[in-house]
Asker: 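What follows is a structure written as structure tokens; I'll ask about it next.
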Amino acid sequence: MGFINQLGCKEWDMEKPKLLCSITPRFRSRCVFVSVALVLWWAFLMVQFSLDRRHPPMHSSLEQPLLSLKSEESVSMSRRLSRGQLSTDSSLREGIVPSAVQEQDQETWSKNGRLDHDEKELAATGVIDDNKVSCEGRYIYMYELDPYFNEDMVKRCDKLSLWTNWCPSVRNAGLGPPMENTDGVFSDSDWYITNQFMLEQIFHNRIRRYECLTHNASLAEAVFVPFYAGFEITTKLWAANITERDEAPARLLAWLSLRAEWARFRGVDHFLVGGRITWDFRRSSDAESDWGNKLFVLPATANMTMLTIEASPWHHNDVAIPYPTYFHPSSHRSLSLWQARMRASTRPFLFSFVGAPRPGLSHSIRGMIMRQCSDSAQCKLLDCQLSVCLTPHKVMAVFEQSVFCLQPSGDSYTRRSTFDAMLAGCIPVFFHQHSAYDQYQWHLPADQSSYSVLISESGVKNNSVRIDDVLGAFSDAQVVSMRDTVIRTIPHIVYADPRTSPIPGVHDAFDITVQGVIDRIAKRKVEKGHINVAGNPSADRESESELEESMKEQVAREEMKKSEEATGWRDHRGFAID
């Protein structure tokens, strides 16, 4: 008992465990000290981790990417300046962002809440992982517009058209309702009843998932303006006066003119999508009877890049990109299986025509084409005067069974049918240069004869050309080669599902368009004198460029006027859907 008392235990403590009784007061004090130290260390780690996870203030998100790139300035900046892709403003060259841009990006930051992944990584290290997509020279900045310019129109989908309800069309991010594969014409998935005028909504939803979308305008090579120009003018084409038709474009351009992003290059780096043909936006006068609005011909939009489903052959500020089709692949497998199926498709008809005559158009050859098709045992005719052409599987079934598909002009030069036919592996036959060759140069093969046939329009009109004779002269080897080129082109003319991530290894119509826009803007920055090969602005070059563009515009207007007077084209713009 005395031994135990020497260890600090009293006789009345005998119920305590001997281990506790054996601990001296000094040792217990040390244990308490160590425990407190461990708790404080753990708390410090938690606070530090919390600080690391916090988003940096807005000025850091703007300045740090530029400052971190200073170490690579001798290589990266000189290379981008030589390509005409970086602002030469002195404040930006010094890594300082104008306060106006900071304030605007602060607003964007508050809406988006974070930097995109690639930009955050670049801000931290100045280097992008080799295993990830490089965004150098590919950044795009997108405005957050008032919903009046886009989303409000989607909400009022039942008011967009005078004849049909567009609400089903705006479903599924603009793809429309899913297609039922009732006749086995389609794949079991990724097919939709897509309205040909939904390109603005589809493109907007795709660009929201673009891997190089940035919230920092000073990094961007291009600036996207998500104005649904086609949606807006559709509500006013047939009923509104010219003041009402021009109201939204005027309001948009007034807003843009106050933006620092616009002032940097006078709109040269800005682009938008107009999901209708160019003539709906090119009213040439203020006569109430003239067609469309003036969006594409206003001085403020002369520098912009306008993307449309049909461009003007005589103007410089619009570029044609493919019409939306019914197929929107969500995976590489879906796309490759469809291509394989089209290669193996049996095609009993040498050629076919899906469409309706245009008796009111003196220049149209559709009536002659339909007569030649009816007279030939090798042709399949689907007359769209009947409602059968409103059923996609009936149209696609004809294309899938045909070697060649005739694509004459209708109310305008181009047709959505061209892309539906190519999607079915059918070789397109054109009768006018402006129907494709002068239009979709980013997306279609440069060698026109490798995938298509051009037949003289005048020859068909005066009955000196028989279509079946021309097409029947191609050898089996030539046909196989042309069809293979068409099928290999399919990924370039379809828009992947905008609700899914980009398909690895596939460059669809959207990807090709974005790269085309970036390359075009870089070239135009140099042409307009905003950036030259030395990286310095040139006022003289700007003046010369503006004079040259003005002269080109005058010649273009004269040529277009002559063409319209000869063909009567103006009175029929934009009405066709087949």
Asker: Run the side chain to side chain donor-acceptor pair (under 3.5 Å) test against Q433 and tell me which residues pass, sequence neighbours left out.
Answerer: none

Asker: Is the backbone N or O of N241 less than 3.5 Å from a side-chain atom of E244, with the two atoms forming a donor-acceptor pair by type?
Answerer: yes

Asker: Between the main-chain N or O of A217 and the side-chain N or O of R264, is there a donor-acceptor pair closer than 3.5 Å?
Answerer: yes

Asker: Say whether, by atom type as modelled, one donor and one acceptor occur between the side chain of T391 and the main chain of H393 under 3.5 angstrom.
Answerer: no

Asker: Using only heavy-atom distances, determine whether the side chains of T214 and N216 contain a donor-acceptor pair under 3.5 Å.
Answerer: no

Asker: Give the C-alpha distance, both sets of side-chain angles, the deciding distance and a yes or no for side chain to side chain donor-acceptor pair (under 3.5 Å) between D290 and S284.
Answerer: CA-CA 7 Å; D290 207 352; S284 58; 3.3 Å; yes

Asker: Does some side-chain heavy atom of T414 sit less than 4.5 Å from a side-chain heavy atom of T278?
Answerer: no

Asker: Has S364 got a side-chain atom pairing as donor or acceptor with L361's backbone, closer than 3.5 angstrom?
Answerer: no

Asker: Starting at CD1 of I233, measure out to CH2 of W291 and round the result to the nearest 0.5 Å.
Answerer: 8.5 Å

Asker: With salt bridge (charged side-chain N to carboxylate O under 4.0 Å, His left out) as the test, pick out the partner of K294 among D246, D280, D286.
Answerer: D286

Asker: Rounded to the nearest 0.5 Å, what's the gap from CG on L199 to CZ on R276? Could you check?
Answerer: 12.5 Å

Asker: Run the side chain to side chain donor-acceptor pair (under 3.5 Å) test against E151 and tell me which residues pass, sequence neighbours left out.
Answerer: R208

Asker: Backbone N or O of G292 within a donor-acceptor pair of the R245 side chain at under 3.5 Å?
Answerer: yes

Asker: Give a yes or no on this: more than 12 heavy atoms of other residues, nucleotides or ligands lie within 6.0 Å of atom NE2 of H507.
Answerer: no

Asker: Among F203, Y495, W442, find the residue that satisfies the ring pair (Phe, Tyr, Trp, His ring centres under 6.0 Å) test when tested with F510.
Answerer: F203

Asker: Return yes if some donor-acceptor pair links the side-chain N/O of R283 with the main-chain N/O of S285 below 3.5 Å, else return no.
Answerer: yes

Asker: Does R416 count as lying over the ring of Y326, i.e. NZ or CZ under 6.0 Å from the six-ring centre, within 45 degrees of the axis?
Answerer: yes

Asker: Does the E232 side chain pair with the main chain of A248, one donor and one acceptor, at a distance under 3.5 Å?
Answerer: no

Asker: Counting only heavy atoms not in K394 (residues, nucleotides, ligands), do more than 12 fall under 6.0 Å from its NZ?
Answerer: no

Asker: Quick one: does D511's side chain have a donor or acceptor within less than 3.5 Å of a partner on D508's backbone?
Answerer: yes

Asker: Could you tell me whether R251 sits above the aromatic face of F149, with NZ or CZ closer than 6.0 angstrom to the six-membered ring centre and within 45 degrees of the axis?
Answerer: yes

Asker: Determine whether the aromatic ring centres of F271 and F224 lie less than 6.0 Å apart.
Answerer: yes

Asker: Of all residues at least two apart in sequence or in a different chain, which pass the side chain to side chain contact (heavy atoms under 4.5 Å, CB included) check with A320?
Answerer: A311, Q439, Y440

Asker: Just so I know, are the side chains of F265 and I521 near enough to count as touching, which here means a heavy-atom distance under 4.5 Å?
Answerer: no

Asker: Ignoring hydrogens and angles, tell me if any N or O in the side chain of H270 forms a donor-acceptor pair with the backbone of V225 under 3.5 Å.
Answerer: no

